[in-house]
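Chain naming here is simple, since letters A, B, ... match the order of the sequence lines and numbering starts at 1 in each. The basis for the numbers below is simple: all heavy atoms, side chains too, and nothing from hydrogens, waters or symmetry mates.
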Amino acid sequence: MTEYLTRLNQAQREAVETLDGPLLVLAGAGTGKTRVLTTRFAHLLLTGRAYPSQVLAVTFTNKAAREMRERVSAILGRPVEGLWLGTFHALGARMLRAHAPLVGLSPNFTILDTDDQIRLVKQVMEAGRLDTRRWAPPAMANIIQRWKDRGLTPERITAAEDTDFAAGQGRAVYAAYQARLKALNAVDFGDLLLQATELLRSNPEVLAQYHHRFRYILVDEYQDTNVVQYLWLRLLAQARRNICCVGDDDQSIYSWRGAEVENILRFEHDFPGAKIVRLEANYRSTAPILAAAAALIAHNEGRLGKTLRPGRTDAEGEPVTVVSLWDSDEEARMVGERIETLRRDGHALAEMAVLVRAGFQTRAFEERLITLAIPYRVVGGLRFYERQEIRDAIAYLRLLVQPADDLAFERVINVPRRGVGEVALRGLHEAARAQDVPLTVAAARLIAEGGLRGKAKEGVAGLLRDLDRWREGLARDGHVAATATLLDESGYTAMWQQDKSPEAPGRLENLKELVRALAEFETLGGFLDHVALVMENEEASAGDRVSLMTLHGAKGLEFDTVFLPGWEEGVFPNQRALDESGAKGLEEERRLAYVGITRARRRAIISHAAHRRIYANWQDSIPSRFLEELPEEQVARAGSAALARDQRIAAPSVFAGNAPLVARAPRTIEAWEARSRPARADAIPVGSRVFHQKFGYGTVTAVDDDRLDIAFEKAGAKRVLDRFVEKA
DNA sequence: TCTGAATAGCTTTTT
DNA sequence: GCTATTCAGA
């Protein structure tokens with residue numbers, strides 16, 4: 001019966017069997033975190049400590065939730081029902097729906113996506129006479145989101161915390177935005193947790209009910225939790241204190257969206273008497289890969305401290321390779337060639353990945369892989385519900401459920417074209433605001449009073465009539481039939497059928513998929529929640545393909561071979577991360593590098609190019625400081641510079657018709673380095689004030705050979721080659 | 001209401 | 001260099 005326990009190592013077993021009291025499991029990359037979490041879950045059930053419905057299990061992504069559900073079922077040998085297992089947001093939504101009136105919502109509230117959220121913020125800002133060209137609504141929406149992440153309702157924001165943004169009107173915009181949400185009976189993603197937390201905070205009887213229910217709490221990826229998530233968990237855990245959080249402070253890479261590494265660093269303090277178990281045996285990677293990752297991350301401060309050690313007996317392997325290249329084209333060629341070679345040697349493409357810092361970097365590799373006819377897939381991109389046609393269709397459905405959903409009304413009023421333009425819409429808005437009613441009501445009154453004319457009148461009246469009819473159909477024939485009718489009668493399907501663009505057939509296909517998915521739900525409301533919170537793209541990427549993705553997207557995945565291109569100052573570590581968050585930003589970039597390296601099972605190939613085209617022009621790039629932090633003995637430096645020189649000298653760049661490339665003096669890495677090497681007679685000491693052509697004036701904060709860290713007055717902190725600056 | 005030209009701005013991303 | 005958004009004019 002406890003056979004599943006024998007498959008664990010000592011530390012894992014301890015993490016599984018310590019059932020009572022607060023427990024923090026520090027799980028390094030590849031140390032069997034998911035196995036521990038799922039085994040612990042199953043163990044709770046199998047030992048009779050709890051029924052499935054008495055365990056609260058929280059993840060960040062739907063994928064992680066699905067995986068946990070499947071693996072727990074596998075251990076139990078049967079599907080588990082009645083679980084409170086899901087993402088923070090899905091569980092928050094579930095609680096809110098159950099007690100909506102207590103926070104001033106009705107249970108059929110709408111969940112707005114980021115797009116709706118920004119549109120609403122923009123409307124609120126415009127109503128407050130703020131210049132939305134000077135103050136970008138997406139930035140304002142982001143500020144509000146961060147406030148929500150920190151558990152701050154508008155009332156809790158002190159004047160000191162209000163930003164300079166929006167002329168000090170931030171708080172006011174936030175308050176007005178919340179008022180609009182309430183009027184629309186809607187919540188945004190942040191509210192799912194903020195309001196759920198408010199609910200528990202101000203309704204002790206509700207909280208007590210959940211205390212009674214949840215005997216055990218499991219939390220995945222604890223290092224990624226933000227303040228509200230932490231508060232929500234703490235409220236739920238405070239009575240029984242049976243909370244187990246699993247995470248890795250070294251893999252915290254989401255601070256920019258509100259995650260607080262401090263949550264994990266403070267666990268012992270928050271839950272006195274907490275036990276801490278470290279999982280350090282790595283079963284994924286070879287010894288050189290682990291050594292490289294460990295050496296790199298050791299440069300960070302404020303870690304809880306964990307050392308990955310090889311957990312496999314066959315852990316020897318090839319060294320981590322660092323390849324220096326002339327330019328970004330050569331880098332793409334190098335990656336392409338190595339992939340070809342590996343493929344020829346029988347390695348599966350699905351076991352190779354190219355991990356980049358930023359999305360735009362994938363393009364160079366895509367182009368290269370296309371010319372080489374190597375199948376690939378780009379992971380990430382639009383989610384199912386972010387597609388235009390899906391959002392339109394959902395807006396129609398939302399209107400059926402909630403006639404007061406103004407955002408949905410605005411979205412579909414002129415899609416397909418009904419002759420209702422900006423002018424007519426403004427009229428509707430004014431009437432609605434004056435009478436304090438939803439747009440649909442205002443529209444009906446306006447038509448009755450003759451306030452609309454011509455095409456606009458016909459269009460609006462027609463839609464209102466149709467909506468009523470579809471709503472009757474919904475009650476009579478059920479949501480599947482009603483949706484099919486709606487898409488047909490609204491002319492929405494016809495609109496895409498007439499569209500000649502190459503995407504149109506795919507969009508129609510997606511609409512069919514939507515109706516198919518709809519059939520799996522009992523109610524329209526349940527389906528809308530599913531689409532907003534859960535539904536993902538079917539990965540139409542079956543087959544043996546190389547994966548291209550961002551480092552963020554790669555977290556939690558593993559591959560035999562991992563390519564890590566673009567390790568250059570400014571790209572990685574990313575300049576903006578350094579500008580905005582300084583030393584903290586640098587540490588997070590370093591954790592990202594750590595995540596990247598630890599994705600590799602057998603091979604990691606890191607590269608940097610001396611020249612890179614950024615937007616319009618070519619720029620010299622200096623190697624990332626992270627390269628210097630790798631342990632020399634575990635790394636093979638494989639500059640293809642010599643090869644590059646031979647090729648270039650033998651065949652001067654006739655292809656590159658652009659003169660600059662030919663004319664640029666040093667054409668090899670060595671020559672380029674030689675040019676930059678000659679020790680300057682007039683060395684620039686720390687503290688010097690210097691001038692840089694592009695970045696202006698600054699002060700040298702550190703000197704490393706020919707590299708200078710400079711705090712520029714305008715451009716912020718950067719690392720540049722000394723030959724680019726002069727003493728001021 | 002719709003179209004084409006001008007213009008700003010450009011990490012990472014789940015829900 | 002590309003693209004998403006905004007503005008002027010038909």
Side-chain angles (χ1 to χ4, degrees), chain A residues 58-65 86-94 111-119 122 132-134 136-139 142 145 148-149 187-194 196 220-221 224-226 228-229 252-259 355-364 379-386 414 417-426 454-456 459 529-537 549-556 566 570-581 585 588-589 591-593 595-596 613-619:
Chain A
V58 202
T59 64
F60 270 85
T61 64
N62 292 300
K63 197 172 151 215
T87 62
F88 275 102
H89 292 87
L91 295 169
R94 187 166 166 186
I111 299 169
L112 300 186
D113 61 29
T114 316
D115 241 54
D116 284 329
Q117 191 189 337
I118 291 170
R119 278 199 294 149
K122 189 175 176 200
T132 52
R133 314 222 308 141
R134 175 139 183 238
N142 194 48
Q145 196 58 49
K148 291 190 174 180
D149 287 342
V187 298
D188 60 22
F189 284 126
D191 275 337
L192 290 175
L193 282 149
L194 181 58
D220 192 13
E221 305 277 19
D224 287 337
T225 50
N226 60 34
V228 223
Q229 288 161 341
S252 160
I253 54 175
Y254 284 114
S255 72
W256 50 273
R257 66 179 201 212
L355 308 182
V356 296
R357 173 68 244 264
F360 72 85
Q361 290 173 264
T362 57
R363 226 180 51 204
V379 181
L382 278 191
R383 245 137 271 295
F384 188 74
Y385 66 85
E386 284 169 348
N414 206 29
R417 297 260 146 84
R418 294 190 179 86
V420 185
E422 208 183 313
V423 182
L425 195 57
R426 201 180 320 134
K455 265 193 183 167
D529 263 14
H530 175 78
V531 182
L533 293 172
V534 180
M535 197 150 168
E536 294 174 67
N537 284 335
M549 65 182 108
T550 62
L551 286 160
H552 284 92
K555 186 161 160 224
V571 176
F572 191 40
N574 179 276
Q575 188 59 50
R576 236 175 107 172
L578 300 185
D579 289 348
E580 283 169 15
S581 318
E588 183 147 320
E589 294 288 297
R591 289 194 291 269
L592 202 46
V595 167
R613 193 169 26 206
I614 294 179
Y615 303 133
N617 34 2
W618 287 90
Q619 282 189 4

Q. When rounded to the nearest Å, what value does the distance between P atoms of dC2(C) and dT13(B) take?
A. 22 Å
**Message:** Taking only the C1' atom of each, what is the distance from dT12(B) to dT5(C) in whole angstrom?
**Reply:** 23 Å
Using atom [atom1] of [X] as one end and atom [atom2] of [N] as the other, report the distance to the nearest whole Å.
X	N	atom1	atom2	answer
H552(A)	dT13(B)	NE2	C1'	8 Å
Y254(A)	dT15(B)	OH	P	10 Å
Q229(A)	dT13(B)	CD	C1'	13 Å
N226(A)	dT12(B)	CG	C1'	17 Å
L112(A)	dT14(B)	CG	C1'	16 Å
Q117(A)	dT14(B)	CD	C1'	13 Å
Q619(A)	dG1(C)	CD	C1'	13 Å
R613(A)	dC2(C)	CZ	P	9 Å

So what does [X] hit on the nucleic acid, given a heavy-atom distance under 4.0 Å: a base, only sugar-phosphate, or nothing?
X	value
E580(A)	base
G419(A)	sugar-phosphate
E589(A)	base
G92(A)	nothing
V187(A)	nothing
A577(A)	base

Closest to the [X] side chain: [options]?
X	options	result
R576(A)	dT14(B), dC10(B), dT12(B)	dC10(B)
R257(A)	dT13(B), dT15(B), dC2(C)	dT13(B)
F189(A)	dT15(B), dT13(B), dT12(B)	dT15(B)
K122(A)	dT6(C), dC2(C), dT12(B)	dT6(C)
L533(A)	dC2(B), dT15(B), dT13(B)	dT15(B)

Less than 4.5 Å apart, any side-chain heavy atom of T550(A) and any of R357(A)? no
Assess whether a salt bridge exists between D149(A) and R257(A), defined as any Lys/Arg side-chain N lying under 4.0 Å from an Asp/Glu carboxylate O. no
Point to revise | Salt-bridge contact R119(A)-D116(A) (side-chain N to carboxylate O under 4.0 Å) | key: yes
- Under the 3.5 angstrom rule, does the side chain of H89(A) hit a backbone N or O of L192(A) as a donor-acceptor pair? no
Review point. Between D188(A) (side chain) and D191(A) (backbone), is there a donor-acceptor pair under 3.5 Å?
Key: yes
(Q) Please determine whether any donor N or O and acceptor N or O are separated by less than 3.5 Å between the side chain of T114(A) and the base of dT15(B). (A) yes
Is there, by distance only and without an angle test, a donor paired with an acceptor across the side chain of R357(A) and the base of dT12(B) below 3.5 Å? yes
dC2(B), OP1 or OP2 - any side-chain N/O from R417(A) closer than 4.0 Å? yes
Short side-chain N/O contact from N62(A) to OP1 or OP2 of dT14(B), under 4.0 Å: no
In this structure, CG of L578(A) is separated from CD of E589(A) (nearest 0.5 Å) by 6.5 Å
Note to self: Can you tell me if W256(A) is stacked onto the base of dT12(B), using a 5.5 Å centroid cut-off and an angle below 30°?
What the structure shows: yes
